[in-house]
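Residue numbers begin at 1 in each chain, while the letters A, B, ... track the order of the sequences.
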Amino acid sequence: MNVFKHVETKISAALEALKTDDVLPNGLNVQGVEVQEPRDPAHGDVASNAAMVLAKRAGMKPRDIATALAGQLADDEDFVTVDVAGPGFLNIRLKDSLWQDVLSNILADGDTYGDSDLGSGMSAHVEFVSANPTGPMHIGHCRGAVFGDALANVLQKAGYDVTREYYINDAGAQVDKLGQTAYLRYREALGEDISAIPEGLYPGDYMMPVGEALAASHGDMLMNETKDEYLAITRKVAIEMLMASIKEDLGALRVKHDVFFSEWSLIHGQTDQVAESIEKLKAHGLIYQGRIPKPIDHDEGEWEDREQTLFKSTDYGDDMDRALMKSDGSYTYFANDVAYHYNKLERGFDHYFNVLGADHVGYIPRLKAAVSALSDGKASFETPVTQLVKVLRDGVPVTMSKRAGTFVALRDVVDEVGADPVRFMMLMRKHDSALDFDLSKVVEQSKENPVFYVQYAHARACSVFRMIAERMLELDISEAALANADFDLLSDDGERELIKFMARYPRIAESAAREREPHRIPFYLYDLAGLFHAHYARGNDSPHLRFSQEDQPALTQARLALVQAVKLVISSGLNVLGVLAPDEMR
RNA sequence: GGUCCUGUAGCUCAGUCGGAUAGAGCACGAGAUUCCUAAUCUCGGGGUCACAGGUUCGAAUCCUGUCAGGAUCACCA
């Protein structure tokens with residue numbers, strides 16, 4: 001159960017009662033009334049702003065509303081005290097039994113504690129990563145991958161039926177260049193001296209295995225083919241091998257997609273879906289032949305002013321109309337993407353998310369325009385942007401370029417430090433804030449790395465169980481025994497503080513989904529771990545606060561129930577982040 | 001020049017739908033280990049929430065403008 005919602009329900013009922021009694025005007029709009037935890041614990045367990053929010057609408061003084069509301073709530077069985085404070089806050093202290101119910105719920109719910117019905121009955125489609133299959137994943141891709149995965153998890157926890165998808169850009173000019181590179185590496189594998197890989201192709205060593213594979217499967221047969229013929233083969237093999245490598249990289253990071261969707265298939269499937277989606281736009285009168293203005297600062301000479309097929313994205317807030325056909329008659333990347341989003345829409349999800357890097361923000365307006373036009377403005381389509389990651393080593397920026405072959409491979413970082421620190425560090429920042437990622441610090445595995453702090457809290461909880469199992473052989477520490485322990489014995493401030501903090505988890509998890517901000521979870525976990533470590537350490541000076549009290553089995557059971565709850569909440573939260581919750585830190 | 005993101009302690013960053021006296025880590029200073037794991041804990045100093053207006057019972061939070069930093073403005077992908 002969610003304590004805050006529970007109290008909110010009570011306040012709503014009390015407001016209704018006051019309306020019936022003509023204390024408050026009938027039909028008063030109670031939107032905006034909320035229950036939250038006060039910053040200062042002296043203000044009570046929970047507080048409500050109801051009186052201040054309603055004062056103007058009701059034409060009454062906030063203190064008067066608060067006093068009436070307090071009177072209405074005073075006799076409630078769940079409340080110890082209801083006070084009016086400050087400008088009209090309602091400060092409420094809850095009975096212990098309510099907090100004890102929280103503990104019971106955590107133990108009963110386990111990993112599902114914190115689930116909500118925010119998205120119940122709704123589906124969500126999350127497109128993320130979609131890195132071009134022209135090389136292994138580098139550290140820059142990492143943030144979108146981890147964020148998208150965590151966003152999907154957070155939505156799932158809030159009840160959405162989530163589909164995770166990767167759009168494979170396996171069509172277009174860059175893929176041809178990849179095919180040409182593969183062909184050169186193939187000739188190299190056959191013993192030819194190819195010298196340097198020409199400018200504009202992909203010089204990285206990772207293309208050499210592709211050449212070798214081609215040599216092994218085709219011998220020297222491709223040497224006699226025309227360019228069109230060999231490119232069809234080298235392109236396909238290169239894409240297949242690089243996608244396999246990308247999937248391995250994602251796997252190392254523990255990122256999983258349900259669907260890998262091929263751009264190529266949009267054009268070369270049973271029907272030309274690009275043509276179909278353009279037809280759809282044409283039916284709306286959004287396609288025309290025209291010219292677009294020359295971009296500011298564009299190099300002279302490269303710019304060709306010509307009449308072309310345009311999508312009228314300016315009708316939907318874009319700052320210029322967008323080209324759909326290249327001068328050679330093939331589709332632009334955007335045209336294919338229009339078709340891809342049309343395809344998504346046809347599959348019928350309730351919410352669409354497209355996680356993009358900051359280098360694609362300029363692309364968002366035309367994408368939104370297309371989705372809006374294709375769905376008659378009905379689709380819920382969000383494009384969370386992950387800001388760029390500045391990669392540093394010992395504080396010095398590392399420059400990266402895939403085409404030049406100089407980049408920090410995601411795989412190298414993950415192999416060196418593990419997926420957990422990488423994921424946690426990426427998620428510890430709000431997604432639309434820029435992030436400095438210092439390799440030397442992540443590699444260090446020092447205590448500066450908050451992931452260990454949180455993991456250690458989980459491991460420490462586990463170790464408490466191991467120790468007590470060893471020392472108190474008679475004690476029943478089964479799930480059932482802990483669930484039935486006497487929670488009245490948890491009377492220490494540190495214990496109560498832990499319970500109250502864990503009561504916030506459902507609200508945190510739900511807000512993370514509602515605001516599409518997974519970073520709220522690691523911050524919450526870090527604070528929870530801090531409370532747990534602090535309480536644990538009090539046992540050093542005050543042995544009577546330790547979890548294990550060998551001469552008091554009932555007290556020990558109650559405290560173990562608390563420890564178990566902490567363990568469950570931490571592992572539940574880490575699970576959402578895709579970070580492991582270890583039993584020990586050795 | 002247009003658009004988007006960011007600006008909070010020396011540094012890195014949180015800050016709930018607008019809520020009461022703005023928080024944490026690091027760094028700096030002082031302490032805790034016969035103890036359930038010290039990968040931990042306790043205490044301390046440290047702020048013009050970039051700046052200027054506005055909205056209201058109340059603004060770090062919302063609106064407008066200015067300044068600073070980053071991203072982006074293609075028939076690329």
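Taking atom NE2 of residue A/His43 and atom C1' of nucleotide B/U16, one finds them 18 Å apart after rounding to whole Å. Between A/Tyr331 atom OH and B/A77 atom P there is a gap of 15 Å when expressed in whole angstrom units. Computed from coordinates, the A/Met428 CE to B/C13 P distance equals 12 Å when rounded to whole Å. Distance CZ (A/Phe523) to P (B/G15): 7 Å, rounded to an integer number of Å. As a whole-Å value, the separation of A/Asp83 CG from B/A20 P is 18 Å. Distance, A/Tyr453 OH to B/A24 C1': 10 Å, rounded to whole Å.
Heavy-atom contacts from other residues, nucleotides or ligands closer than 6.0 Å to CD of A/Glu199 number 12 or fewer. With a 6.0 Å radius and a threshold of 12 heavy atoms from other residues, nucleotides or ligands, A/Gln31 has its CD atom at or below the threshold.
A/Phe147 has its ring centre no less than 6.0 Å from the ring centre of A/His519.
Nearest nucleotide to the side chain of A/His519, out of B/A20, B/C36, B/A14: B/A14. Comparing B/G15, B/A77, B/U40 by their closest approach to the side chain of A/Tyr456 singles out B/U40.
B/U56 and B/C62 have their C1' atoms separated by 11 Å, with the value rounded to a whole Å. Spacing of C1' atoms, B/U40 relative to B/U3, comes out at 49 Å, to the nearest Å. Across B/G69 and B/A77, the matching P atoms stand 33 Å from one another, rounded to whole Å. With P as the reference atom, B/U12 and B/A27 are 15 Å apart, rounded to whole Å. Using atom C1' as the reference point in both B/C4 and B/C41, the two lie 44 Å apart (nearest Å). The gap from the C1' atom of B/A68 to that of B/C49 amounts to 16 Å, rounded to the nearest Å.
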Exercise. Apply salt bridge (Lys or Arg N to Asp or Glu O under 4.0 Å) to A/Lys430 and A/Glu517, showing your working.
Key: CA-CA 7 Å; A/Lys430 205 164 43 178; A/Glu517 292 185 350; 6.0 Å; no
Quiz prompt | A/Arg429 and A/Asp432: CA distance, side-chain angles, deciding distance, salt bridge (Lys or Arg N to Asp or Glu O under 4.0 Å) verdict | solution = CA-CA 8 Å; A/Arg429 294 279 178 293; A/Asp432 56 3; over 6 Å; no
Quiz item: For A/Phe501 and A/Tyr524, what are the C-alpha separation, side-chain angles and deciding distance, and is it a ring pair (Phe, Tyr, Trp, His ring centres under 6.0 Å)?
Solution: CA-CA 9 Å; A/Phe501 197 77; A/Tyr524 169 81; 4.7 Å; yes
Exercise. I would like to know whether A/Val464 and A/Ile468 meet side-chain contact (heavy atoms from CB on, under 4.5 Å); could you show each step before the answer?
Key: CA-CA 6 Å; A/Val464 168; A/Ile468 287 178; 4.0 Å; yes
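Across all strands shown, A/Gly172 has heavy atoms under 4.0 Å from sugar-phosphate atoms exclusively, and none from any base. Within 4.0 Å of A/Ala55, counting heavy atoms only, lies no atom of the nucleic acid at all. As judged by a 4.0 angstrom heavy-atom cut-off over every strand, A/Ser511 is placed among residues making no nucleic acid contact. Using a 4.0 Å heavy-atom criterion, one finds that A/Asn49 contacts the bases of the nucleic acid, with or without backbone contacts as well. Nucleic acid contact for A/Lys430: sugar-phosphate only, since backbone atoms but no base atoms lie under 4.0 Å from a heavy atom of the residue. Using a 4.0 Å heavy-atom cutoff across all strands shown, A/Glu584 reaches at least one base atom of the nucleic acid. Within 4.0 Å of A/Ala457, counting heavy atoms only, lies no atom of the nucleic acid at all. If you check every strand for non-hydrogen atoms under 4.0 Å, A/Asp319 touches nothing. Counting any heavy atom pair closer than 4.0 Å across all strands shown, A/Asn336 reaches no nucleic acid atom. When heavy atoms are screened at a 4.0 angstrom cut-off, A/Asp40 is found touching base atoms of the nucleic acid. Using a 4.0 Å heavy-atom distance criterion, A/Tyr536 is classed as a base contact.
Contact of A/Ser327 with B/C75 (side chain to base): a donor-acceptor pair of N or O atoms is detected under 3.5 Å.
Under 3.5 Å, the side chains of A/Gln455 and A/Asp420 contain a donor-acceptor pair of N or O atoms.
With sequence neighbours excluded, the residues forming a ring pair (Phe, Tyr, Trp, His ring centres under 6.0 Å) with A/Tyr456 are A/His533, listed by chain and number. In this structure A/His268 satisfies the ring pair (Phe, Tyr, Trp, His ring centres under 6.0 Å) test together with A/Trp264, sequence neighbours excluded. Residues passing the side chain to side chain contact (heavy atoms under 4.5 Å, CB included) test with A/Asp551 are A/Gln549, sequence neighbours excluded.
Between A/His533 and B/A38 there is no side-chain polar atom (N or O) within less than 4.0 angstrom of OP1 or OP2. Side-chain nitrogen and oxygen atoms of A/Arg538 include none within less than 4.0 Å of the OP1 or OP2 phosphate oxygen of B/U40. Considering only side-chain N and O atoms, A/Tyr526 lies nowhere under 4.0 angstrom from the phosphate OP1 or OP2 of B/G15. Taking 4.0 angstrom as the limit, A/Ser433 places none of its side-chain polar atoms (N or O) nearer than this to OP1 or OP2 of B/U6.
Aromatic ring orientation, A/Phe260 versus A/Tyr166: tilted (interplanar angle from 30° to 60°).
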Exercise. Produce a footprint string for nucleotides 55-62 of chain B: one letter per nucleotide, 5' end first; B if the base is under 4.0 Å from any protein heavy atom, S if only the sugar-phosphate is, - if neither.
Key: --B-----
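Mapping A/Val385 and A/Glu263 onto RNA chain B by nearest heavy atom places A/Val385 closer to the 5' end of the strand. Each of A/Ala358 and A/Ser48 lies near RNA chain B, and the nucleotide nearest A/Ser48 is the one positioned closer to the 5' end.
Secondary-structure annotation of RNA chain B gives the stems B:1-7 with B:67-73, B:10-13 with B:23-26, B:28-32 with B:40-44, B:50-54 with B:62-66, with a stem taken as at least 3 successive Watson-Crick or G-U pairs whose two distances both fall under 3.5 Å.
Using a 4.5 Å cut-off on side-chain heavy atoms (C-beta onward), A/Leu528 and A/Met502 make contact.
Note that OG of A/Ser330 and CG of A/Leu324 are 11.5 Å apart. Values are rounded to the nearest 0.5 Å.
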Please list, pair by pair, any protein nitrogen or oxygen found under 3.5 Å from a nitrogen or oxygen in nucleotides 10-12 of chain B.
{"from": "B/U12", "atom 1": "O2'", "to": "A/Arg429", "atom 2": "NH2", "distance (Å)": "2.8"}

